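Since this is a predicted model, take the numbers as computed values, not measurements.
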Amino acid sequence: GRHGDCTVKNIEKDVVIEHAFGKLVLDGAGKVEVKARHSDVNVRNIRDGVAVSDKYGTMTLEYVGGDMRFSGLSSTIDLNHASAGSIVVENAYADTRIRDFSGTGSTSDRNMPS
């Protein structure tokens, strides 16, 4: 979606969403991929992994499991209550906060090229 708010809830399967200029709420799904620009992305209750990219927005994720990948440019990333096999965070020009994280694999933080 573009230039509007979008709410998606209780999806049993995998979800792929592209969004720009608004608020995106995704609550409950298997595996998730979100590509966003200038968006306020809120994702929670994901079971099987998540990949989120956003430029010039915010990403808030809670109660997520599975492998995780986050990519941001001037985007604040907040991750709370997560359990992952691996996590990759690429972010430039904004803050990244990770709280209550447990994992069985690797954790890496990569700075994006300027």
Would you compute the distance between atom [atom1] of [X] and atom [atom2] of [Y] and round it to the nearest 0.5 angstrom?
| X | Y | atom1 | atom2 | result |
| --- | --- | --- | --- | --- |
| Ser102 | His81 | OG | NE2 | 11.5 Å |
| Ile98 | Ile87 | CD1 | CD1 | 4.0 Å |
| Lys23 | Thr7 | NZ | OG1 | 7.5 Å |

Tell me whether [X] contacts the main-chain N or O of [Y] through its side chain, where contact means a donor paired with an acceptor under 3.5 Å.
| X | Y | value |
| --- | --- | --- |
| Asp14 | Lys31 | yes |
| Asp27 | Asn45 | no |
| His19 | Gly4 | yes |
| Asp67 | Gly49 | no |
| Arg47 | Glu12 | yes |

Carboxylate-amine/guanidinium proximity below 4.0 Å for Lys35 and Glu33 | yes

Phe70 and Leu61, any side-chain heavy atoms less than 4.5 Å apart | yes

Mind listing the closest non-hydrogen atom pair of [X] and [Y] along with its distance?
| X | Y | answer |
| --- | --- | --- |
| Ser75 | Ala94 | O-CB, 3.2 Å |
| Met68 | Ala84 | CE-CB, 3.6 Å |
| Tyr93 | Ser74 | CB-OG, 3.5 Å |

Pairs meeting criterion side chain to side chain donor-acceptor pair (under 3.5 Å) with involvement of residues 48-59, two or more places apart | Asp40-Thr58

With sequence neighbours excluded, tell me which residues meet side chain to side chain donor-acceptor pair (under 3.5 Å) with Asn80.
-> Arg99

